[in-house]
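Since the structure comes first, as structure tokens, the remarks are kept for the end.
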Amino acid sequence: MRLHRNLVYTTIDALNAIFNEGEYADKVVARSLKKDKRWGSSDRKFVAETIYEIVRWKRLYAEIAEVKEPFDRDNLWRIFAVWAVLRGYPIPDWRQLEGTPERKIKGRFDELSKIRTFKESIPDWMDEIGVKELGEKVWSKEIAAQNQPAKVVLRVNTLKTTREKLRAILMDLNIETEMLKDQPEALVLKERANVFLTDAFKEGLFEVQDANSQLVAAFLDVKPGMRVVDTCAGAGGKTLHIAALMENKGQLIAMDLYESKLKQLKLRAKRDGAFNIEYRIIDSTKVIKKLHQRADRVLIDAPCSGLGVLKRNPDAKWKLQPEFIDNIRKVQSEVLESYSKIVKPGGKLVYATCSILPSENQEQVKRFLGTDIGKEFTFIKDHKILASESGFDGFYMALLERKESQEKEIK
């Protein structure tokens with residue numbers, strides 16, 4: 001087990017882009033993996049995993065290394081040295097790693113591991129909001145779970161294949177998967193693999209989608225032939241799942257503020273063979289008004305803090321700011337009031353987030369039910385999912401039903 005100079009240099013360049021230039025970790029990792037065509041799978045694995053680990057543990061490693069932001073190149077090497085020592089790598093005699101204090105690093109690690117903000121490597125404000133909303137005990141478990149790397153989960157595209165067939169196809173490629181009880185379309189990879197390079201992916205036999213994210217479309221209770229609106233479709237992971245559950249029958253309207261995201265969704269839908277989707281950019285209030293009381297089902301996959309998905313987006317710990325959470329709560333209230341009007345009497349609405357904070361979840365639903373439009377809805381059930389209990393992403397979803405109109409009730 002030794003460190004290779006070209007892989008480490010690539011890692012240092014990537015950390016510089018993420019920490020100092022504000023780039024997103026997933027984009028930087030994707031770019032870094034294309035750097036050298038001669039790299040084998042173990043080389044690429046080292047680069048990807050090391051970048052993500054150092055991003056995940058930035059605060060802890062920087063404290064041990066005694067460096068502060070903005071990090072210059074020497075600082076980044078010192079942070080890397082901390083990672084290497086704690087991972088048990090022999091330190092090579094490179095100029096950048098001269099004088100690495102191995103015993104001191106291990107001692108500082110033991111010392112700092114007694115303080116949660118360092119142990120779990122999170123900003124103070126995030127720790128405070130977690131304790132305030134979830135309580136000390138639950139938050140401690142949850143943030144520890146959010147620091148575990150995310151598993152790769154596939155959602156079988158039932159428009160094209162079955163779970164058993166896909167499992168056999170992947171087994172032939174030496175990609176082993178496990179089934180999940182109570183989730184008929186999910187397959188969990190036993191070991192990480194680049195599934196996007198497989199013919200099965202290119203032919204649209206599956207999408208990569210977290211196990212708990214797959215619960216949202218099912219919660220919406222869609223049936224073939226309905227009119228369904230996904231109001232915050234984005235690049236469409238849940239939209240495509242809804243299309244499959246509708247068996248391509250009926251009308252599925254995918255809406256978003258950003259045309260670029262809907263273009264991405266179109267490409268994915270073509271690959272998946274999902275052809276009952278219409279695309280609408282929300283460029284004015286008219287787009288929503290035209291649909292008032294027209295849909296059997298509406299999904300509001302609301303913008304949120306993303307505190308339920310830190311295991312797959314560790315750099316969000318450093319990019320997120322407390323003001324953003326205050327602002328996003330206002331946005332959530334607005335979209336819930338505005339988009340709920342699309343549901344027709346007797347129709348159903350799901351409000352979902354990938355956050356674990358009650359202020360973005362249960363409290364938003366409670367507040368909505370007290371508004372004029374909210375009084376037209378009945379709360380049916382909700383589902384709170386913590387990473388510490390499920391092993392997958394943290395999610396929230398609430399199912400509401402719009403009451404039948406007064407005239408029908410009189411009849």
Side-chain angles (χ1 to χ4, degrees), residues 1-36 39 42-92 94-102 104-113 115-123 126-127 143-150 192 306 309-320:
M1 189 167 86
R2 67 189 184 92
L3 296 169
H4 296 278
R5 206 182 285 262
N6 62 340
L7 301 180
V8 176
Y9 275 36
T10 300
T11 301
I12 297 288
D13 287 342
L15 295 172
N16 183 55
I18 296 162
F19 293 154
N20 296 331
E21 290 162 19
E23 292 193 53
Y24 286 94
D26 57 344
K27 303 275 190 298
V28 173
V29 168
R31 189 172 71 226
S32 301
L33 296 182
K34 292 174 184 163
K35 199 166 174 185
D36 193 329
W39 286 348
S42 61
D43 297 328
R44 286 196 295 275
K45 186 180 180 202
F46 173 89
V47 169
E49 289 183 0
T50 307
I51 294 168
Y52 273 122
E53 276 195 11
I54 294 174
V55 169
R56 184 171 278 116
W57 303 108
K58 178 180 87 163
R59 184 174 186 184
L60 175 64
Y61 292 172
E63 189 71 18
I64 293 172
E66 297 176 338
V67 297
K68 287 194 163 40
E69 290 187 89
F71 304 128
D72 62 24
R73 208 133 182 106
D74 287 342
N75 293 161
L76 292 172
W77 276 101
R78 288 182 71 166
I79 290 171
F80 177 80
V82 170
W83 172 86
V85 169
L86 295 176
R87 287 286 173 275
Y89 280 90
I91 300 299
W94 302 347
R95 178 185 59 77
Q96 297 93 334
L97 296 172
E98 270 175 19
T100 296
E102 299 190 37
K104 187 181 176 187
I105 286 170
K106 288 172 184 170
R108 289 281 285 152
F109 174 77
D110 292 340
E111 197 183 307
L112 290 167
S113 292
I115 304 162
R116 185 173 53 224
T117 48
F118 291 117
K119 183 190 176 192
E120 302 302 351
S121 199
I122 45 172
M126 193 178 282
D127 193 50
I143 194 59
Q146 289 290 354
N147 273 324
Q148 300 304 310
R192 291 188 85 82
V309 293
L310 293 178
K311 55 169 62 212
R312 69 183 62 256
N313 297 321
D315 53 333
K317 291 198 283 188
W318 318 118
K319 288 186 166 51
L320 203 58

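Along the sequence shown, the residues carry numbers beginning at 1. Just so it is clear, the values below take in all heavy atoms, side chains as well, and ignore hydrogens, waters and symmetry mates.
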Legend entry - Side-chain heavy-atom pair Phe71, Leu15 within 4.5 angstrom cut-off: no
Inset, instruction - Could you tell me the separation between the CD1 atom of Ile12 and the CD1 atom of Ile51, rounded to the nearest 0.5 Å? - result: 10.0 Å
Legend entry - Minimum-distance pair of heavy atoms, taken over all atoms of Glu120 and Lys317: O-NZ, 3.4 Å
Inset, instruction - Determine the minimum heavy-atom distance between Arg44 and Leu33, stating which atoms define it. - result: O-CD2, 3.4 Å
Inset, instruction - Find out whether Ile18 and Lys27 are in side-chain contact, i.e. whether some heavy atom of one side chain is under 4.5 Å from a heavy atom of the other. - result: no
Legend entry - Side chains of Asn147 and Lys119, donor plus acceptor under 3.5 Å: no
Legend entry - Sole residue of Arg312, Lys311, Lys319 in salt bridge (Lys or Arg N to Asp or Glu O under 4.0 Å) with Asp315: Lys319
Inset, instruction - Specify the closest pair of heavy atoms between Arg192 and Ala150, including all atoms of both residues, with the distance to one decimal. - result: NH1-O, 2.8 Å
Legend entry - Spatial distance of atom CG (Leu3) from atom OG1 (Thr11) [nearest 0.5 Å]: 9.5 Å
Legend entry - Sidechain-backbone polar pair: Ser121 side chain, Leu60 backbone, donor-acceptor under 3.5 Å: yes
Legend entry - Within-4.5 Å side-chain heavy-atom neighbours: Arg108 and Glu63: yes
Legend entry - Flag if over 12 foreign heavy atoms under 6.0 Å of CZ, Phe46: yes
Quiz: residues 75-84 side-chain donor-acceptor pairs under 3.5 angstrom, not counting sequence neighbours:
{"unit_1": "Asn75", "atom_1": "OD1", "unit_2": "Asp72", "atom_2": "N", "d": "3.1"}
{"unit_1": "Asn75", "atom_1": "ND2", "unit_2": "Asp72", "atom_2": "OD1", "d": "3.4"}
{"unit_1": "Arg78", "atom_1": "NE", "unit_2": "Ala65", "atom_2": "O", "d": "3.3"}
{"unit_1": "Arg78", "atom_1": "NH2", "unit_2": "Ala65", "atom_2": "O", "d": "3.0"}
{"unit_1": "Trp83", "atom_1": "NE1", "unit_2": "Glu53", "atom_2": "OE1", "d": "2.8"}

Legend entry - Charged N-O contact under 4.0 Å between Lys104 and Glu66: yes
Legend entry - Trp94 to His4 - nearest heavy-atom pair and separation: CH2-C, 3.8 Å
Inset, instruction - For Tyr89, look at atom OH and say whether over 12 heavy atoms of other residues, nucleotides or ligands are found less than 6.0 Å away. - result: yes
Legend entry - Whether over 12 other heavy atoms sit under 6.0 Å from Lys45 NZ: no
Inset, instruction - Answer whether the closest heavy-atom distance between the side chains of Ile122 and Leu310 falls below 4.5 Å. - result: no
Inset, instruction - For the residue pair Glu21 and Val28, establish whether any side-chain heavy-atom pair is separated by less than 4.5 Å. - result: no
Legend entry - For Lys106, side chain to side chain contact (heavy atoms under 4.5 Å, CB included) partners two or more places apart: Val85
Inset, instruction - Report yes if some heavy atom in the side chain of Arg56 is under 4.5 Å from a heavy atom in the side chain of Pro149; otherwise report no. - result: yes
Inset, instruction - Could you tell me the separation between the CD1 atom of Ile143 and the CG atom of Asp127, rounded to the nearest 0.5 Å? - result: 8.0 Å
Inset, instruction - Return yes if some donor-acceptor pair links the side-chain N/O of Arg59 with the main-chain N/O of Phe118 below 3.5 Å, else return no. - result: no
Inset, instruction - Please determine if Glu23 and Arg31 form a salt bridge, counting it only when a charged side-chain N lies under 4.0 Å from a carboxylate O. - result: yes
Inset, instruction - Would you give the length of the straight line joining atom OG1 of Thr10 to atom CG of Asp36, rounded to the nearest 0.5 angstrom? - result: 7.5 Å
Legend entry - Asp13 with Arg73: basic N within carboxylate O range, under 4.0 Å: yes
Legend entry - Approximate separation, where rounding is to 0.5 Å, of Met126 CE and Leu320 CG: 5.0 Å
Inset, instruction - Measure the spacing between CG of Asn313 and CG of Asp26 and express it to the nearest 0.5 Å. - result: 6.5 Å
